[in-house]
Structure formats: structure tokens, C-alpha cells
Amino acid sequence: MHKSMSRRLFLQGTTAAFSAAAMGAAASVSAKEMVRPTPLYGPPPGVAKLNANENPYGPSPAALKAMMQASQKGAYYVYDSVMRLKTMIAERHGLTPDHIALGSGSSAGLVAAAIVAAHKGSILGPDLFWDTTAKVVEVQNIGEIKRLPKLDSLAIDLDAMYAAIDDSVSMVQVTNPNNPTGMLIDPVAMRNFCIKASKKCTVLADEAYNELTDNGDANSVIPLIKQGHDVIVARTFSKIYGLAGMRVGYLIAQPEKIQEMQRYGIGWYGLNQAGLAGAIASYEDHKFMDYSRAKVKEAREMVSAAVKENGLTALPSVTNFMFVNLGDLNAETFRAEMEKENVLIRGIYRDYTNWSRVSMGYLEDVEKYTSALPKVLHRMS
Ligand SMILES: Cc1ncc(COP(=O)(O)O)c(C=O)c1O
């Protein structure tokens with residue numbers, strides 16, 4: 001292949017920032033060797049990918065640089081970088097590295113937590129939450145998920161949750177902010193619930209979207225772990241940090257709980273050098289996080305305005321996605337019609353047939369959603 005052609009393909013297949021870093025830091029790898037068809041690493045050109053709550057503005061420039069450097073040391077296992085990241089997280093919260101378990105995304109830790117819980121009893125959750133990992137226990141036939149009744153507000157009723165914890169429940173799972181609703185629980189109510197509930201069973205707080213909220217620290221229950229409560233918090237580098245494809249997440253819990261969960265596949269062996277480097281470089285990158293949060297807010301305002309203009313409503317989201325009420329329209333048909341407009345969103349969740357989740361992404365992609373919305377609604381009416 002002609003040299004300029006392969007360079008052009010390379011530039012198409014990666015972000016401009018990555019290619020700049022790659023060219024600078026890895027002069028020994030020729031552009032020709034790195035040529036890949038574009039769709040291999042992300043959405044095809046022209047497609048607005050708004051279906052997985054990713055942050056396309058990531059990875060941050062610092063993360064890209066660190067990942068390039070780390071990839072050159074890909075021959076080595078990751079023990080030291082795991083210790084580095086665990087220590088950084090522990091120091092921030094006044095804990096020890098023994099309180100932290102890293103995993104391949106937070107999914108790895110959430111699966112481990114679900115399996116440990118299933119061996120002791122059932123998992124209790126609201127009717128609608130990010131249950132992908134908890135469902136593993138049902139798929140494997142080792143446990144069950146008990147769900148609270150559906151609420152019209154789609155909020156999580158913590159009083160009902162507390163009342164439903166009986167002897168059969170070993171873990172209660174709260175996604176906060178919740179996915180797919182995008183709603184946040186009042187921090188004082190959440191804290192009090194965790195203190196009370198953790199006397200009866202383990203409380204798992206999935207805080208994947210915490211850093212997207214305006215005051216993440218105030219909305220987190222991590223401080224309860226330092227106070228000794230039986231609370232597990234799951235966090236991830238997949239959301240605000242823009243590292244979903246690099247697969248780094250973590251659990252924070254009492255050290256004995258961490259040890260129990262480490263029996264089920266979390267720990268240093270599930271991680272990779274580049275992902276860890278990206279996470280370490282991003283962890284305290286407040287400039288990038290502020291930038292991402294601002295972009296997400298702008299996108300939410302665009303979607304809110306479009307939803308209103310088209311006579312629909314959406315739940316009050318504090319995250320990088322919104323749950324839109326389509327009235328009497330079917331969310332799966334709506335998803336399929338949106339796909340015809342090159343806009344990828346989510347279809348139906350459980351039996352919430354008229355609710356549709358859209359992620360915030362590049363503003364130009366969000367604009368594709370807002371312009372396709374009236375067209376699709378018109379077609380479906
Ligand atoms: C609430 C919640 N928790 C956890 C995850 C898992 O993400 P990851 O495994 O990339 O950390 C997701 C992914 O969308 C999520 O929405």
C-alpha cells in the first residue's frame with residue numbers, strides 16, 4: 001500500500017489525538033503496521049453511537065500518552081501498576097489498598113459480589129436497575145434477584161427496600177445514580193439507608209456514574225466503609241474518564257469482603273498494562289473531568305429541549321444518559337426507526353415498553369438525535 005494512503009487510513013481509524021500520540025511516542029511502529037479498518041475500534045463514520053453511556057471525549061490526552069508508553073511495556077505483568085492504582089484510590093479515601101479490588105471494568109467486581117451474595121441468599125434490588133451483572137446468578141442457577149414493585153415515578157423507594165430485607169436476602173443492590181433512569185437518590189437518605197440496611201445484609205452501591213454528578217463526593221457512600229459498615233461501592237473508569245474500552249473498574253469494601261470476592265476472578269490477573277496506565281493518568285485529571293461534565297450537561301440540555309419541543313417528557317437525569325417517555329409509542333420500534341437515521345440508542349428495558357434511553361455523546365451526534373426525533377415520531381404516528 002502506498003505510504004500516504006496507509007497513513008490516511010490510520011488517521012481515519014483512530015482519533016486525531018491518539019494518532020498524534022502514537023506518531024510521537026512510538027516512532028518505531030510504522031503507520032503501515034497500525035492500519036486497521038475504522039469500525040474495528042468504534043462506531044462507523046456518520047453513525048451517532050448513543051447506546052452505551054460512553055464518553056467519546058475520552059481518553060484524556062494524559063491517558064493517551066500514558067497508554068502509549070505502557071503498551072511498550074506490555075511484555076510485563078501488571079502487579080506494580082495494580083498496586084499503584086489501588087494505593088492512589090485508597091489514599092484519596094483514607095483507606096488501605098486491602099480495601100480495594102481492581103477488575104476488568106466494574107463488571108468484574110459486580111459479578112464477583114453477586115456470586116458471593118448468591119451463595120448466602122438472594123439479591124434484592126428495585127424493579128429497574130443495572131442488573132446485567134446480578135443476573136449472572138440466575139443464568140448460572142445459583143441464586144435469585146428479588147425486585148421491589150414497580151413505581152410510577154421510577155424512583156428507588158429506600159423505605160420499601162429496607163422493609164423488604166428479610167432473612168433470605170444476603171445483599172441489596174442500589175445503582176446510584178440509577179441506570180437507565182439517570183436519577184440520583186437524596187444523599188442523606190442513601191447514607192441512612194446504607195447504615196441501617198448494612199446491619200441486616202451487605203449493601204452494594206453501584207456508583208458508576210457518581211463522577212458525572214455535580215458533587216460526587218457528597219453523593220457517595222464510600223465514607224461509610226471507613227466507618228466499618230458492610231458496604232461495597234463499585235466505581236469505574238468507563239464513564240466520565242472515557243476509558244470504557246480499556247476495562248478498568250474497582251470495588252471498595254471491608255478487606256475481608258474484598259478477599260471473599262477476589263476468589264471469583266477479580267484481582268491483578270484480569271487487568272492490562274495500557275488500561276491501568278490510562279486509569280492512573282486519569283484518576284486525578286480534574287480538568288478533563290470538568291470538561292466532560294460540561295459537555296454532558298450541554299448535551300442533556302439539547303435533548304431536554306428537543307424532548308419538550310416534540311411533546312414528550314424525560315426523567316431528571318444527572319448522568320450521561322436520559323430516559324425518555326415516548327407516551328404510547330413502543331421503544332423498540334423507536335430504536336429501530338432511529339437506527340435507520342444512523343442514530344443508535346437503547347430499546348425496551350424489561351416491561352417499560354414506552355421508555356427509551358439515549359446516551360449523551362459528541363454534541364454533533366446528539367444533534368443527529370434531536371433532528372431525527374421529529375422525523376421518526378412523525379413516521380411512527
Ligand atoms: C450502573 C452501571 N454499573 C456498571 C457498569 C459496568 O461498566 P464497566 O464494566 O465498564 O465498568 C455499567 C455499564 O454501563 C453501568 O451502567
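Throughout, residue positions are numbered sequentially from 1 according to the sequence presented. In listed order, ligands and their atoms are each counted from 1.
- Put simply, the residue from H286, R293, K239, R235 that forms a side chain to side chain donor-acceptor pair (under 3.5 Å) with E211 is R235.
- Aromatic pair Y57/Y362: centroids less than 6.0 angstrom apart.
- For the pair R357 and F323, the cation-pi test (distance below 6.0 Å, angle within 45°) is failed.
- In this structure, the separation between OG1 on T313 and CG on L315 is 7.5 Å, given to the nearest 0.5 Å.
- Within 4.0 Å of ligand 1, protein heavy atoms belong to G105, S106, S107, L110, W130, T175, N179, D206, A208, Y209, T236, S238, K239, R247, listed by chain and number.
- The ring of Y209 has its center closer than 6.0 angstrom to the ring center of F321.
- Checked against Q273 for a side chain to side chain contact (heavy atoms under 4.5 Å, CB included), the options V78, D80, V82 give a single hit: V78.
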